[in-house]
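When reading the values below, keep in mind they use all heavy atoms of this one structure, side chains included, and skip hydrogens, waters and symmetry mates.
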Amino acid sequence: RVVALDRSRPLLAAARRAAHGAPWPHFVRGSYAELPFEGGVFDAVLCLGTALGYLGDEGDRAALREFRRVLAPRGRLVIETLHRDEIGARLSEHEERPLASGGTLSIERRFDRARGVLHEAQRLEDGTGNDAPWAYELRVYGENELRGMLGGAGFAVIARHASLAGEGEPSPATPLVLVAEV
């Protein structure tokens with residue numbers, strides 16, 4: 001049984017549609033920094049797709065403590081995330097992604113290496129004239145920073161990979177996948 005949590009109503013709605021009425025996963029709207037679940041009820045928590053970083057250091061520490069709180073003894077946390085070594089190697093300063101709808105998603109990035117913060121502005125160019133950029137900041141951690149944060153939240157890192165399939169060593173050309181245990 002799987003529970004999927006996100007704070008975005010549109011993303012949860014899209015996920016529900018993709019599930020075609022199946023009983024699982026169960027979709028919940030909420031913040032990963034304040035999980036709406038009892039303690040010790042999950043065998044695993046998957047934090048995928050660079051979810052960490054949007055709340056800054058303190059928010060991310062709170063999220064890791066929450067993951068620890070809801071995990072059963074010997075429960076596992078899997079984090080797949082963008083990491084500092086990828087900046088400039090796999091992610092460029094400018095990117096244009098053609099969309100199936102015929103539009104283009106343009107992305108401008110700037111990385112503040114001293115603060116470990118990625119500034120990103122996205123603009124949907126779809127010919128409607130409504131193409132104002134949407135900008136945000138994302139805290140990007142190095143592997144050692146994440147390991148320290150995990151230790152502080154009561155986890156022991158038991159594996160590191162370059163993919164969710166558990167293959168390879170993380171590099172500037174791959175995501176960072178850390179597996180930690182309570």
Gly142 backbone acceptor or donor facing Glu145 side chain under 3.5 Å: yes
Derivation and outcome, side-chain contact (heavy atoms from CB on, under 4.5 Å), residues Tyr32 and Leu55: CA-CA 10 Å; Tyr32 58 67; Leu55 301 178; 3.5 Å; yes
Dump the intermediate steps for salt bridge (charged side-chain N to carboxylate O under 4.0 Å, His left out) on Glu93 and Arg109, then the final yes or no. CA-CA 5 Å; Glu93 289 184 1; Arg109 297 184 182 98; over 6 Å; no
Please round to the nearest 0.5 Å and tell me the distance separating atom CD1 of Ile107 and atom CZ of Arg123. 12.5 Å
Please tell me whether Ile79 and Leu164 are part of a single hydrophobic cluster in this structure, the criterion being side-chain heavy atoms less than 4.5 Å apart. no
Mind listing the closest non-hydrogen atom pair of Pro36 and Leu5 along with its distance? CD-CD1, 3.7 Å
Going through the distances and angles, do Arg68 and Arg65 end up as a side-chain contact (heavy atoms from CB on, under 4.5 Å)? CA-CA 5 Å; Arg68 167 67 181 86; Arg65 288 190 302 270; 5.5 Å; no
Going by the angle between their ring planes, with limits at 30° and 60°, are Phe42 and Phe37 parallel, tilted or perpendicular? perpendicular
Yes or no on side-chain contact (heavy atoms from CB on, under 4.5 Å) for Val117 and Phe111, after CA distance, side-chain angles and deciding distance? CA-CA 6 Å; Val117 174; Phe111 186 59; 5.7 Å; no
Between the main-chain N or O of Val140 and the side-chain N or O of Arg84, is there a donor-acceptor pair closer than 3.5 Å? yes
Are Tyr54 and Leu150 connected, step by step, through hydrophobic side chains (Ile, Leu, Val, Met, Phe, Trp, Tyr) whose heavy atoms are closer than 4.5 Å? yes
Surrounding CD of Glu96 (heavy atoms of other residues, nucleotides or ligands, distance under 6.0 Å), is the total greater than 12? yes
Just by modelled atom types, is the Leu52 backbone N or O under 3.5 Å from a matching donor or acceptor in the Tyr141 side chain? no
State the CZ-CZ distance between Arg139 and Arg115, to the nearest 0.5 angstrom. 9.0 Å
Parallel, tilted or perpendicular: which describes the rings of His26 and Trp24, with under 30° parallel and over 60° perpendicular? perpendicular
Check whether His83 reaches the backbone of Thr174 with its side chain - one donor and one acceptor, N or O, closer than 3.5 Å. yes
Let me check something: do Leu77 and Val157 share a hydrophobic cluster, defined by ILVMFWY side-chain heavy atoms less than 4.5 Å apart, either directly or through other members? yes
Any donor-acceptor N/O pair, Arg69 side chain to Leu35 backbone, under 3.5 Å: yes
So with a 6.0 Å cut-off around CG of Asp43, is the heavy-atom count from everything else above 12? no
Where is the tightest heavy-atom contact between Leu146 and Thr81, given as atom of each residue plus distance? CD1-CG2, 3.7 Å
What's the spacing between Arg160 CZ and Glu169 CD if we round to 0.5 Å? 4.5 Å
Take Cys47 and Phe67 through the side-chain contact (heavy atoms from CB on, under 4.5 Å) test and state the conclusion after the steps. CA-CA 9 Å; Cys47 184; Phe67 298 159; 4.1 Å; yes
Any donor-acceptor N/O pair, Arg29 side chain to Arg7 backbone, under 3.5 Å: yes
Would the distance check show the side chain of Asp60 and the main-chain N or O of Gly53 forming a donor-acceptor pair, the cut-off being under 3.5 Å? yes
How far apart are the closest heavy atoms of Ala162 and Pro175, and which atoms are they? O-CD, 3.5 Å
About how many Å separate CZ of Arg74 and CD of Glu181, when rounded to the nearest 0.5 Å? 4.0 Å
Give, for atom CG of Leu176 and atom CD of Glu86, the distance between the pair rounded to the nearest 0.5 Å. 8.0 Å
Rounding to 0.5 Å, atoms CG (Leu82) and CD1 (Ile87) come to a distance of 4.5 Å
Between the side chain of Thr104 and the main-chain N/O of Ser106, is any donor-acceptor distance below 3.5 Å? no
